[in-house]
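Let me begin by presenting the structure, written as structure tokens, before commenting on it.
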Amino acid sequence: MNFLQLQKKFPTEKAVVAHFVAIRYNGTPFCPHCASVSVYHREDKPKVFQCMDCNNSFSIFKDTIFENSSTDLIKWMYAIHLFLNGKKGISGLQLMREVGVTYKTAWRMLKQIRLAMGNEDLKEYFETIVEIDETYVGGKPRKGNKGRNDNGDIENNKRGRGTKKTPVIGVIDRDNKKVHAKVALPNKDGKKLTGKQLLGVLNEVTKAGITVMTDEFRSYNILSSNGFIHLKVDHTKEFSNGVAHTNNIESFWATLKRGVYGIYHSISVKYLQQYVNEFCFRYNNRKNVEMFDLLLVKSIKM
Ligand SMILES: [Zn+2]
């Protein structure tokens, strides 16, 4: 959907409400107090419906990311549109200018949209061959530090293992290219990620029996004793045999890092998972023409 199509789709707040009623209630809103479908859209309050049976009113945005917001619904739709279409995301400052809200509101809107993005449930994917890998995010590259590469990783410790950055563990299905990634708690005293931590994330989206590609990091040795078929990539060899590689997950890391370092500059550990969810959602739905509506479905809290 491009901007003109967005404008056509949502010319008024009423149009947004009608669309959301279609998404949330399949077109037939009902009263949460008495379940009656004899309800009507109140003229005086754009988000509120009135029940004719029990005389209560209700917001169709209750338990959604829009619940406590007084921001115009058209602005919300525009913000979602911009957020989903910017390959690297969008900053609060940019959103403030584009949509015409305060910085505080823009920041909050982005946070809420990220919550919806984190509602993605990927349980049914990851059935063929997957790649698992970890990356390390955070910490501004120091000026004049020649030891760092483009990703901000320390060159002489390329994979960042043992650094003070925050580890993120990612799994990607090589067939449908869906990705699942989780921020891991860094181990105290800079210890490397454990096999248990890696296995935990893998188990969230896969079952034993599938084939898993990893690099040579020793903590992955736990996989074969847990029922996975484990293939390792040897990064020291110039050419791999073509099958055992982790190129897909590595390309996702590149996108994530471009966004984190380019748009968001530095992100505190507290919010990192929300940003990771954002990049996963955009990546997983990059070819989904229904991405906008999917976001609206996920805006309903689960
Ligand atoms: Zn009612």
Side-chain angles (χ1 to χ4, degrees), residues 1-86 89-121 271 274 277-278 281 285 288-302:
M1 186 162 60
N2 61 37
F3 181 59
L4 281 178
Q5 289 166 323
L6 180 87
Q7 273 187 313
K8 241 184 192 171
K9 196 169 177 173
F10 303 118
T12 59
E13 281 203 295
K14 228 177 181 173
V16 179
V17 168
H19 187 70
F20 197 73
V21 163
I23 296 256
R24 185 171 193 175
Y25 301 95
N26 219 355
T28 312
F30 58 88
C31 171
H33 309 285
C34 73
S36 168
V37 293
S38 301
V39 299
Y40 65 91
H41 191 188
R42 277 173 62 158
E43 291 292 332
D44 55 334
K45 291 177 184 172
K47 296 170 187 168
V48 176
F49 276 62
Q50 180 74 39
C51 176
M52 290 194 281
D53 277 325
C54 73
N55 213 27
N56 281 302
S57 61
F58 62 97
S59 165
I60 60 159
F61 295 104
K62 193 176 184 322
D63 299 323
T64 71
I65 63 167
F66 311 104
E67 185 173 3
N68 297 314
S69 169
S70 56
T71 305
D72 190 303
L73 291 168
I74 296 172
K75 289 185 175 179
W76 265 110
M77 297 304 111
Y78 187 29
I80 292 170
H81 173 76
L82 289 171
F83 202 40
L84 294 183
N85 285 289
I90 185 169
S91 70
L93 274 174
Q94 253 176 296
L95 193 71
M96 172 185 92
R97 282 186 230 118
E98 289 270 351
V99 179
V101 290
T102 64
Y103 178 73
K104 200 178 159 194
T105 300
W107 189 87
R108 189 176 171 274
M109 287 170 105
L110 294 182
K111 187 170 169 246
Q112 293 296 96
I113 298 168
R114 270 186 209 106
L115 281 183
M117 288 168 139
N119 261 342
E120 224 187 5
D121 182 12
Y271 296 117
Q274 292 171 17
N277 292 345
E278 171 194 335
F281 185 90
N285 293 291
N288 180 4
V289 291
E290 310 281 330
M291 175 162 62
F292 191 97
D293 281 350
L294 177 65
L295 192 283
L296 291 182
V297 170
K298 298 300 173 190
S299 76
I300 304 160
K301 288 175 187 165
M302 290 190 281

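Hydrogens, waters and symmetry mates are skipped; everything else that's a heavy atom, side chains included, is used.
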(message) Could you check whether K47 pairs with E67 (Lys NZ or Arg NE/NH1/NH2 to Asp/Glu carboxylate O, under 4.0 Å)?
(response) no
(request) Would you confirm whether Q94, through its side chain, and S91, through its main-chain N or O, come within 3.5 Å as a donor-acceptor pair? (result) yes
(request) Answer whether the closest heavy-atom distance between the side chains of N119 and F281 falls below 4.5 Å. (result) no
(message) Can you give me the closest heavy-atom contact between A106 and G92, atom names plus distance?
(response) CB-O, 3.4 Å
(message) Is the ring pair F30/Y25 parallel, tilted or perpendicular, if the boundaries are 30 and 60 degrees?
(response) perpendicular
(request) Please round to the nearest 0.5 Å and tell me the distance separating atom CG of L82 and atom CE of M77. (result) 12.5 Å
(request) May I have the step-by-step check of side chain to side chain contact (heavy atoms under 4.5 Å, CB included) for V21 and H41, ending in yes or no? (result) CA-CA 10 Å; V21 163; H41 191 188; over 6 Å; no
(message) I need the minimum non-hydrogen distance between S299 and L296, along with the two atoms involved.
(response) OG-O, 2.5 Å
(message) Within the 3.5 Å criterion, strictly below it, is a donor on D293 or H19 matched to an acceptor on the partner's side chain?
(response) yes
(request) Taking the side chain as every heavy atom from C-beta outward, state whether R24 and D63 have any atom pair closer than 4.5 Å. (result) yes
(request) For atom CG of N2, decide whether the heavy atoms of other residues, nucleotides or ligands shown that lie under 6.0 angstrom number more than 12. (result) yes
(message) Within the supplied structure, the quantity of interest is the number of heavy atoms (other residues, nucleotides, ligands) at a distance under 6.0 Å from F58 CZ; does it exceed 12?
(response) yes
(request) Taking the side chain as every heavy atom from C-beta outward, state whether F10 and L6 have any pair of such atoms under 4.5 Å apart. (result) yes
(message) Would you say that F83 contacts M109 through its side chain, given a criterion of any heavy-atom pair below 4.5 Å between the two side chains?
(response) no
(message) Nearest 0.5 angstrom please: N85 CG to I80 CD1, how far?
(response) 11.5 Å
(request) Kindly compute the distance separating OG (S36) from CG (N55), expressed to the nearest 0.5 Å. (result) 11.5 Å
(message) Looking at K9, I want to see if its NZ is surrounded by more than 12 non-hydrogen atoms of other residues, nucleotides or ligands under 6.0 Å.
(response) yes
(request) Please examine the side chains of N285 and E120, heavy atoms only from C-beta on, and report whether any two atoms are closer than 4.5 Å. (result) yes
(request) Decide yes or no for R108 and S69: does some side-chain heavy atom of the first lie under 4.5 Å from some side-chain heavy atom of the second? (result) yes
(request) Indicate yes or no: at least one non-hydrogen side-chain atom of F49 is less than 4.5 angstrom from one of V17. (result) yes
(request) Check whether more than 12 heavy atoms from other residues, nucleotides or ligands sit under 6.0 Å from atom NZ of K301, and answer yes or no. (result) yes
(message) Looking at every heavy atom in both Y78 and E98, which two are closest together, and how far apart are they?
(response) OH-OE1, 2.9 Å
(message) Just verifying a value: how many Å separate L295 CG and H81 NE2, rounded to the nearest 0.5 Å?
(response) 12.5 Å
(message) List the residues meeting ring pair (Phe, Tyr, Trp, His ring centres under 6.0 Å) with F61, not counting sequence neighbours, and say none if there are none.
(response) F20, F66
(request) Determine the minimum heavy-atom distance between M117 and N277, stating which atoms define it. (result) CB-O, 4.2 Å
(message) Donor-acceptor pair, distance only, cut-off 3.5 Å: does the side chain of Q112 make one with the backbone of I65?
(response) yes
(request) Provide the closest heavy-atom pair for Q50 versus S57 in the form atom of the first, atom of the second, distance. (result) OE1-CB, 3.5 Å
(request) Taking the side chain as every heavy atom from C-beta outward, state whether D72 and E13 have any atom pair closer than 4.5 Å. (result) yes
(message) Rounded at 0.5 Å granularity, tell me how far CE in M96 sits from OG1 in T105.
(response) 11.0 Å
(request) Please report the closest heavy-atom contact between P11 and I74, naming both atoms and the distance. (result) O-CD1, 3.7 Å
(message) Let me confirm one number: the CH2-OG1 distance from W76 to T64, rounded to the nearest 0.5 Å.
(response) 8.5 Å
